[in-house]
Q: 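Encoded as structure tokens, here's the structure I'll be asking about.
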Amino acid sequence: MSTHGTALRDGIATAISALAEPVGTLAPARLSASEYIAALREVEDLGRLVDAARIALAGEAEKRTQGPIDTLGALGYASAVDAVAMITSAADRDAKRRIRVGESLNSGVSLTGAETGCTHPAIAASVFAGNLSIDVATILIDALDGVGSRVDDAVLLQAEEALVEVAAGTPEHPPLRADLVRGQAQLFVEVLDPEGVLPREEVARRKRRFTIGRETQDGLIPVNGLLTLEVGASLKRLIDAHVRKVSFSDDPDSMVEHVDDRFPHQKRHDTFADILSAAARVKDAPELAGSAPAITVAVTQAALDSGEGVGAIDGLDIPLSVEAIGRLIDSRGMQQVTFNGSGRVLSLGSVQRCFTPSQRRAINARDGGCVIPGCTTPAGWCEVHHVIPWRDGGPTHTDNGVLLCWGHHQIIDSGPWELSMPDGVPYVRGPGHWTWTHTTKSRTRPPSASADGNP
């Protein structure tokens with residue numbers, strides 16, 4: 001064994017021996033606050049050194065399969081990736097990344113045995129000193145390689161050194177987290193190669209897509225796509241602006257301990273539903289087959305009367321519960337079609353809309369948005385809900401309609417919120433509001449005084 005190999009393996013053996021017991025008995029809950037913070041930092045320092053050795057060794061794997069003798073193939077490995085993945089138990093994608101990054105940072109050896117340079121010397125020096133994580137190194141390598149063929153080598157090296165300094169930190173400023181490094185690297189790249197932005201945007205425009213798949217057996221419709229930067233950013237900001245966690249001060253008399261137990265991705269879904277609902281109501285919305293786009297649901301009158309059973313959305317195979325159909329009727333209206341036993345159409349009723357545009361404008365002005373306290377959904381995105389259900393004879397009148405966002409409309413019948421409309425004014429009762437409370441988001445009307453438990 002070479003002296004170089006002996007020193008490395010001896011160091012690894014010493015580290016394993018020294019760490020085996022403290023790591024095996026580690027109980028993070030027993031650490032004080034200062035010990036916990038210090039351990040996080042120090043273990044990360046150690047991990048960066050271990051990762052540097054990992055990618056250095058992985059980066060050599062491809063070379064071992066080349067030349068007169070394929071040393072890895074002789075041991076039964078199908079490729080460099082196969083060897084690294086099998087020996088380290090890493091996933092193939094991780095093995096590929098280690099090999100790729102290692103090849104960029106490893107120094108070569110000439111025929112005379114002299115060490116040659118590497119592709120990214122500044123990144124390599126910082127990684128092997130334990131100052132730069134592999135995640136950050138990968139971000140920098142990918143960014144610089146993307147413009148390497150169009151930028152002078154000297155300019156590229158200056159940019160690399162500046163990025164390493166920003167990412168690894170200095171005594172004057174702390175290191176940046178990986179997500180921020182990606183943004184900084186992109187800014188550098190655009191300054192180095194401003195003409196490369198336009199071709200990239202043109203490629204993005206060609207690749208843009210949005211697909212809606214077939215419904216699953218769980219009653220979900222998969223959506224997939226690639227949005228251009230401006231469209232994706234607009235959608236993200238629009239949704240993020242309204243995905244707010246509803247919170248209340250601690251109240252011992254609160255009827256439930258929490259209000260909004262949706263995960264962030266579920267909140268984004270519900271906000272997107274609000275956006276679609278608002279878009280379908282705009283004045284100049286396009287028509288489909290000569291009328292406004294509408295969901296056609298087939299359901300029996302018996303199922304509607306009993307509240308039990310299912311219906312079907314036209315074009316979809318998965319049935320829809322009567323409860324869901326009731327919410328569709330509540331917010332979008334219905335048109336009754338009568339069939340005989342063989343399926344012949346006997347009669348076609350007029351379209352019964354839940355609330356006219358004029359009624360909706362009045363309700364918007366009164367409520368100003370979703371009436372549930374803490375909800376930030378604006379009036380234009382909300383659906384109008386019958387407080388006394390339409391199927392139970394509730395009138396389609398402003399005195400019986402309140403604004404609810406899509407998410408709260410889905411759960412209003414099962415709690416934790418209750419609604420009441422004394423004198424045509426919406427009152428709510430629920431978490432943090434144990435008495436009937438009038439809430440309004442309207443800028444022109446303050447909430448009415450509490451009715452001492454009875455609206």
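Remember, predicted model here, so these are calculated numbers, not experimental data.
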Q: When you check the gap from the basic side-chain N to the acidic O, do Asp92 and Arg97 get nearer than 4.0 Å?
A: no
Q: So Glu383 and Trp406, side-chain contact (heavy atoms from CB on, under 4.5 Å) or not? Walk me through it.
A: CA-CA 7 Å; Glu383 299 175 343; Trp406 187 90; 3.5 Å; yes
Q: Evaluate the side-chain contact (heavy atoms from CB on, under 4.5 Å) criterion for residues Leu144 and Phe188: first the C-alpha distance (whole Å), next the side-chain angles of each, then the deciding distance (0.1 Å), finally the verdict.
A: CA-CA 9 Å; Leu144 294 170; Phe188 269 77; over 6 Å; no
Q: Can you tell me how far apart CG (Leu163) and CG (Leu156) are? Round to the nearest 0.5 Å.
A: 9.5 Å
Q: Quick one: does any side-chain atom of Ser17 pair with a main-chain N or O of Thr14 as donor and acceptor, under 3.5 Å?
A: no
Q: Is it true that Arg182 and Asp142 have a side-chain N and a carboxylate O under 4.0 angstrom from each other?
A: no
Q: Have His120 and Asp145 got a donor and an acceptor in their side chains that come within less than 3.5 Å?
A: yes
Q: Sub-3.5 Å donor-acceptor pair from the side chain of Thr437 to the main-chain atoms of Thr435, do we have one?
A: yes
Q: Is Asp51 salt-bridged to Arg54, going by a charged N under 4.0 Å from an acidic O?
A: yes
Q: Which word best sums up how the rings of Tyr427 and His438 line up, parallel for under 30°, tilted for 30 to 60°, or perpendicular for over 60°?
A: tilted
Q: Verify side-chain contact (heavy atoms from CB on, under 4.5 Å) between Ser104 and Ile141, making sure each step is shown before the conclusion.
A: CA-CA 8 Å; Ser104 295; Ile141 290 170; 3.9 Å; yes
Q: For the side chain of Glu160 and the backbone of Leu157, is there at least one donor-acceptor N/O pair under 3.5 Å apart?
A: no
Q: Should Leu46 and Glu42 be marked as a side-chain contact (heavy atoms from CB on, under 4.5 Å) after you check the CA-CA gap, both sets of side-chain angles, and the distance that decides it?
A: CA-CA 6 Å; Leu46 175 64; Glu42 292 163 359; over 6 Å; no
Q: When rounded to the nearest 0.5 angstrom, what distance separates SG in Cys382 from CG in Asn364?
A: 8.0 Å
